[in-house]
Amino acid sequence: MKIQLISDGSIPVPPIDGWGALERVVWNYKIYLEKAGHEVIVSNHTESAKVLEDWRRFNPDVVHNHIGKHWEALLLINGCKKIVTNHGGEFLTHKPFYEYLAKQYFQDCKLLILTDEEQTFYKSFGLDACVIPNGVDTTIFKPNLDNRNGSIYLGQINPRKKQAYYQKNNLDCYFAGNKSGSPDDPFDYNHHNYLGSWKHEKVCENLVKFSNLILLSMAELQPLVCLEGLAAGLGLVISTPAAQSLDVSKPWIDVIPDDRLEDIDYINSVIENNKSISNQYRSEIIEYSKQFDWSNVIKNYLNVIQNI
């Protein structure tokens, strides 16, 4: 098959810096689809006209829009299978906008979405929606099985992820992530618990040094950083939105209830207990992560799109 993958053009595909989860997902789709023998083009443009130029020139069998800025282009694309995936946590806080998209742009598309909540939402509008979680390249992490210490809160510094609040209130962890760029960002980048902005290679190298990963975000859709943490052998202490597509019955995954996200003493106690458990279950965590390996995700993906 010939497959056109659409990103929004805001940063390169693959991303140059450590952040850019959507762009890394798109790039891995390309890599693993090509390994499976398919011809793939990535249309990473800010202008919908250039996306359409790629479509006309490439003449794909499948167009997969990873929901950037190009909903209008979907209306003009025809004669092929059309797929849409939404990677933005904004779905959880701006559902009226996604209802508008569902009614205006997605009626002749297959929705390959990341969470059960999205599937229920889109099916309520009569859309064909199937859950296909994001993947992770488990082969690039080289974890050892020795006990490790320390907790890492990894991700772009962002009000949605609440790093400034947790830093100010002495959450027991280190922080890493690129700066928000906002002039009124309250996060203290000079604090000893901020480890800097890591490129992806450094993420892979450094994650394995910690016991567990923290992500207490208010809005996430199956965050890639959680999969990377698991592939590195880390337990997870996460908020409810960050727990999408994960088996929360696992002893190394702790979900902080919404009504306790500001209870620092409680969260710190959960982090400490999770560290101890995670150090005991390192091999099991790594094995669990393999179900999200891109090799498995692409098999499921191809099974779905071949039957559209």
Side-chain angles (χ1 to χ4, degrees), residues 7-8 10-11 15 18-26 28 66-68 84-98 101 111-122 129 131-136 151-167 171 173 175-178 180 182 187 198 200 203 207 212-232 234-248 250 252-262 267 270-271 274 288-289 291-292 297:
S7 191
D8 70 4
S10 57
I11 64 175
W19 60 286
L22 181 156
E23 290 77 16
R24 185 162 295 108
V25 165
V26 171
N28 277 292
H66 289 266
I67 199 115
V84 169
T85 300
N86 170 40
H87 294 273
E90 293 82 3
F91 165 82
L92 298 171
T93 53
H94 295 86
K95 286 187 179 177
F97 176 64
Y98 288 92
L101 292 178
L111 279 293
L112 296 188
I113 36 70
L114 305 178
T115 67
D116 293 337
E117 183 174 351
E118 291 174 282
Q119 185 180 47
T120 300
F121 176 82
Y122 287 121
V131 176
I132 298 285
N134 281 328
V136 63
S151 305
I152 183 70
Y153 200 125
L154 179 63
Q156 182 182 21
I157 308 301
N158 186 300
R160 188 180 80 237
K161 301 180 191 293
K162 298 185 68 173
Q163 292 102 324
Y165 172 83
Y166 289 118
Q167 183 192 54
L171 196 71
C173 65
F175 297 89
N178 62 300
S180 70
S182 172
F187 188 85
W198 295 347
H200 191 242
V203 168
L207 268 184
N212 54 6
L213 181 139
I214 319 300
L215 182 60
L216 303 175
S217 174
M218 296 182 289
E220 295 287 336
L221 289 181
Q222 208 234 341
L224 183 59
V225 68
C226 290
L227 303 184
E228 292 174 333
L230 292 170
L234 277 64
L236 303 178
V237 178
I238 51 182
S239 58
T240 299
Q244 301 277 4
S245 301
L246 300 177
D247 181 356
V248 298
K250 298 295 186 184
W252 58 82
I253 299 178
D254 284 297
V255 181
I256 304 299
D258 292 347
D259 60 356
R260 305 204 72 172
L261 285 172
E262 296 188 357
I267 299 172
V270 173
I271 289 173
N274 184 277
Y288 172 71
S289 76
Q291 69 179 277
F292 298 103
V297 170

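All values below were derived from every heavy atom in this structure, side-chain atoms included, with hydrogens, water molecules and symmetry-related copies excluded.
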Could you report the tightest heavy-atom contact between [X] and [Y], atom names first, then the distance?
{"X": "Leu213", "Y": "Gly229", "value": "CD1-CA, 4.3 Å"}
{"X": "Val248", "Y": "Ala243", "value": "CG1-CB, 3.9 Å"}
{"X": "Ser217", "Y": "Glu220", "value": "OG-OE2, 2.9 Å"}
{"X": "Leu224", "Y": "Gly135", "value": "CD1-O, 3.1 Å"}
{"X": "Asp247", "Y": "Tyr288", "value": "N-OH, 2.8 Å"}

For Ala164, which residues count as a side-chain contact (heavy atoms from CB on, under 4.5 Å) partner, sequence neighbours excluded?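 Ala164 satisfies side-chain contact (heavy atoms from CB on, under 4.5 Å) with Pro186, Phe187 once adjacent residues are dropped.
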Taking the side chain as every heavy atom from C-beta outward, state whether [X] and [Y] have any pair of such atoms under 4.5 Å apart.
{"X": "Ile267", "Y": "Val270", "result": "no"}
{"X": "Thr85", "Y": "Leu114", "result": "yes"}
{"X": "Glu228", "Y": "Arg24", "result": "yes"}

Taking only residues two or more places apart in sequence or in another chain, which ones pass salt bridge (charged side-chain N to carboxylate O under 4.0 Å, His left out) with Asp8?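 Counting only residues at least two positions away or on another chain, Asp8 forms a salt bridge (charged side-chain N to carboxylate O under 4.0 Å, His left out) with Lys69.
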One pair to check against side-chain contact (heavy atoms from CB on, under 4.5 Å): Ile271 and Leu171. What are the steps and the verdict? CA-CA 9 Å; Ile271 289 173; Leu171 196 71; 4.1 Å; yes
So, applying side-chain contact (heavy atoms from CB on, under 4.5 Å) with Gln119, which one of Leu111, Val131, Leu112 is it?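 Option passing the side-chain contact (heavy atoms from CB on, under 4.5 Å) with Gln119: Val131.
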Between Phe91 and Tyr122, what is the ring plane arrangement, given parallel below 30°, perpendicular above 60°, and tilted in between?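 Rings of Phe91 and Tyr122: tilted, as their planes differ by 30° to 60°.
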Would you call the rings of His87 and His66 parallel, tilted or perpendicular, where under 30° means parallel and over 60° means perpendicular?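 If you compare the ring of His87 with that of His66, the planes turn out parallel.
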The test is side-chain contact (heavy atoms from CB on, under 4.5 Å); show your working for Ile214 and Ile152 and say whether it passes. CA-CA 6 Å; Ile214 319 300; Ile152 183 70; over 6 Å; no
Step by step, would you call Leu227 with Leu246 a side-chain contact (heavy atoms from CB on, under 4.5 Å)? CA-CA 9 Å; Leu227 303 184; Leu246 300 177; 4.2 Å; yes
Is it the case that the side chain of Asn274 and the backbone of Leu236 share a donor-acceptor pair, with hydrogens and angles ignored and the cut-off at 3.5 Å?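 Checking the backbone N and O of Leu236 against the side chain of Asn274, a donor-acceptor pair under 3.5 Å is found.
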Can you list the steps and then say if Thr115 with Phe121 is a side-chain contact (heavy atoms from CB on, under 4.5 Å)? CA-CA 10 Å; Thr115 67; Phe121 176 82; over 6 Å; no
